[in-house]
Amino acid sequence: MAPPSKYSPEFKEEAVQIALRSSETISHTARELELNPETLRGWVKKHQKHNEPAVDAPLSPLCQSDSSQAYWMIH
């Protein structure tokens, strides 16, 4: 059995949200939060895996618009 996490679920979620909203790299964000970059990267991947839209879910208006425009809006 794994030892208990030293980070609360609330802290993990907040760190993931900061990383996802930041224009900085995950490594940079992790250093600012005094985390190992691989730890934060793992949390982000887990969050993204558990929060993917269902395959048959309706597309959001952004996804229904011109895909090249949407790409540049988020990158």
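Note that the coordinates shown come from a computational prediction; the quantities given were computed from them, not determined experimentally. Positions are given from 1, in the same order as the sequence printed here.
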The salt bridge (charged side-chain N to carboxylate O under 4.0 Å, His left out) partners of Glu13 (sequence neighbours excluded) come to none
Going by heavy atoms in the side chains, are Gln17 and His47 under 4.5 Å from each other?
yes
CZ/Arg21 to OG1/Thr29 distance, rounded to the nearest 0.5 angstrom?
12.5 Å
Can you measure from NZ (Lys12) to OG1 (Thr39) and round to the nearest 0.5 angstrom?
9.5 Å
Indicate the atoms forming the closest heavy-atom contact of Leu33 with Ala15, along with that distance.
CD1-CB, 3.8 Å
Atom CD in Glu38, atom CZ in Arg41: separation rounded to 0.5 Å?
4.5 Å
If you measure from CZ on Phe11 to NZ on Lys6, what distance do you get to the nearest 0.5 Å?
9.5 Å
Looking at side-chain heavy atoms only, is the closest gap between Gln48 and Leu20 below 4.5 Å?
yes
Looking only at heavy atoms, which two atoms of Val44 and Ala19 are closest? And how far apart?
CG2-CB, 4.0 Å
Close side-chain approach of Glu32 and Ser22, heavy atoms under 4.5 Å:
no
What distance separates Ser27 OG from Leu35 CG, expressed to the nearest 0.5 Å?
11.5 Å
Separation between CD1 of Ile18 and CD of Glu24, rounded to the nearest 0.5 Å
12.5 Å
